[in-house]
There are 2 protein chains.
Amino acid sequence: MVSALQKYATLLRQNEFKATQPRVKILEVLDKSPQPLTASEIHEKVSTLDIDLATVYRTLNKLADAGVLNRVELGDEFSRFEYKRVANHHHHHIICDSCGKIVEINLCNLDAIASDIAKSTGFTNIQHQVVFRGCCERCALKVS
Amino acid sequence: MVSALQKYATLLRQNEFKATQPRVKILEVLDKSPQPLTASEIHEKVSTLDIDLATVYRTLNKLADAGVLNRVELGDEFSRFEYKRVANHHHHHIICDSCGKIVEINLCNLDAIASDIAKSTGFTNIQHQVVFRGCCERCALKVS
DNA sequence: GTATATGCAAATCTTTTGCACCCCT
DNA sequence: AGGGGTGCAAAAGATTTGCATATAC
């Protein structure tokens, strides 16, 4: 228990942040979540500590800027955040249009396309961001 | 001049909308724009007619739902809209991180990936949405 | 004439910010 | 002790909505 929280405190100090209770708790919640979470979802999950929503936002922004978290945009009005488990591990997500479930996708062959785009548009330093949407297995059963 | 506006009026009536002045003007602005526009950008461009921003939003949402416009999400806080020139013409966009310029991308080989994802995740009916970001030629010159 | 669309104002929702106080280090 | 971090409240910015009036058909 204590050692688990130490892990987050150490991670914070390594990135020149003070290891405060709100930050440790937020990291714990994100580490344990199987999918990226919105600020509001995180705020609910840490409600036992009465952490202010503004603190959640400030923490998420700072940790994402420092590279401790990934900021995930899925094309709706929310920014989501996920614990970065492997440094720079490149992946994408698929979100269920019906229930909002999000699953990680590890296939990606867009780098070849990027060089074609560079050639045709003159853009350089091309990054990409992909979101898949669909209907998850559970929701497919409900509908039919 | 009149015939050009007739084109939008006809398009509106074909989709069971009344051909009002605000709607015709909004369609004209989007048709003439080389890139997708935000509600606020459209509102500025139609400022000669004193169209309310709420009307712009309502028009954009209805026309996008009806399939007359494409709703474009580029991972920032704005929804953008583009005139649909060819029915269901599938494409993506690249946006310059420096000046915000948006260019259309017509390459897309993600359909093959979609079937792999279906196999590994159980999701069905998979759509995708891709945003490329980079530095456009003009901005690359400025920086160097 | 009637249903629909618009303008105006107010509300909603996510996210940010100012400021006084608190607590890591 | 000192400076960053937090809570609280208010603000900001995109988008939506209620309602009375205006307009297309």
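Naming: A, B, ... by sequence-line order, numbering from 1 per chain.
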Within this structure, what is the [atom1]-to-[atom2] distance between [X] and [N], rounded to whole angstrom?
{"X": "B/His43", "N": "D/dG13", "atom1": "NE2", "atom2": "P", "value": "16 Å"}
{"X": "B/Arg23", "N": "D/dA22", "atom1": "CZ", "atom2": "P", "value": "18 Å"}
{"X": "A/Asp76", "N": "D/dT16", "atom1": "CG", "atom2": "P", "value": "13 Å"}
{"X": "B/Ile26", "N": "C/dA5", "atom1": "CD1", "atom2": "P", "value": "13 Å"}
{"X": "B/Leu60", "N": "D/dT17", "atom1": "CG", "atom2": "C1'", "value": "16 Å"}
{"X": "A/Glu16", "N": "D/dG3", "atom1": "CD", "atom2": "P", "value": "17 Å"}
{"X": "A/Asp65", "N": "D/dG5", "atom1": "CG", "atom2": "P", "value": "13 Å"}
{"X": "B/Leu74", "N": "D/dA14", "atom1": "CG", "atom2": "P", "value": "15 Å"}

Item to complete: Kindly say if A/Lys62 contacts the phosphate of D/dG4, meaning a side-chain N or O under 4.0 Å from OP1 or OP2.
Response: no
Worksheet item: Looking at residues at least two apart in the chain, or sitting in another chain, which of them share a side chain to side chain donor-acceptor pair (under 3.5 Å) with A/Asp76?
Response: A/Arg80
Worksheet, complete the sentence: Going 5' to 3' through nucleotides 16-25 of chain C and flagging B where a protein heavy-atom sits under 4.0 Å of the base, S where only the sugar-phosphate is that close, and - otherwise, we get BBB-----BS
Worksheet entry | Given A/Glu104, A/Gln35, A/Glu73, A/Glu82, the one that forms side chain to side chain donor-acceptor pair (under 3.5 Å) with A/His93 | A/Glu82
Worksheet item: Is B/Glu41 salt-bridged to B/Lys45, cutoff N-O under 4.0 Å?
Response: no
Worksheet item: Roughly how bent is the helix from C/dG1-D/dC25 to C/dT25-D/dA1 end to end, in steps of 10 degrees, with each end axis from five pairs?
Response: 30°
Worksheet item: With sequence neighbours left out, what residues match B/Asp116 under salt bridge (Lys or Arg N to Asp or Glu O under 4.0 Å)?
Response: none
Worksheet, complete the sentence: Residues passing the salt bridge (Lys or Arg N to Asp or Glu O under 4.0 Å) test with B/Asp31, sequence neighbours excluded, are B/Lys7, B/Arg85
Practice prompt. Determine, stepwise, if the pair B/Ile117 / A/Val103 fulfils side chain to side chain contact (heavy atoms under 4.5 Å, CB included).
Written response: CA-CA 10 Å; B/Ile117 294 174; A/Val103 176; over 6 Å; no
Discussion item. Can you confirm whether more than 12 heavy atoms, excluding those of A/Gln21, are under 6.0 Å from its CD atom?
Written reply: no
Worksheet entry | Closest to the A/Ser79 side chain, choosing from D/dG5, C/dT15, D/dT15 | C/dT15
Worksheet item: Going by the angle between their ring planes, with limits at 30° and 60°, are B/His128 and B/His90 parallel, tilted or perpendicular?
Response: perpendicular
Worksheet item: Quick one, which residues of residues 29-40 of chain B touch DNA chain C with a heavy atom under 4.0 Å?
Response: none
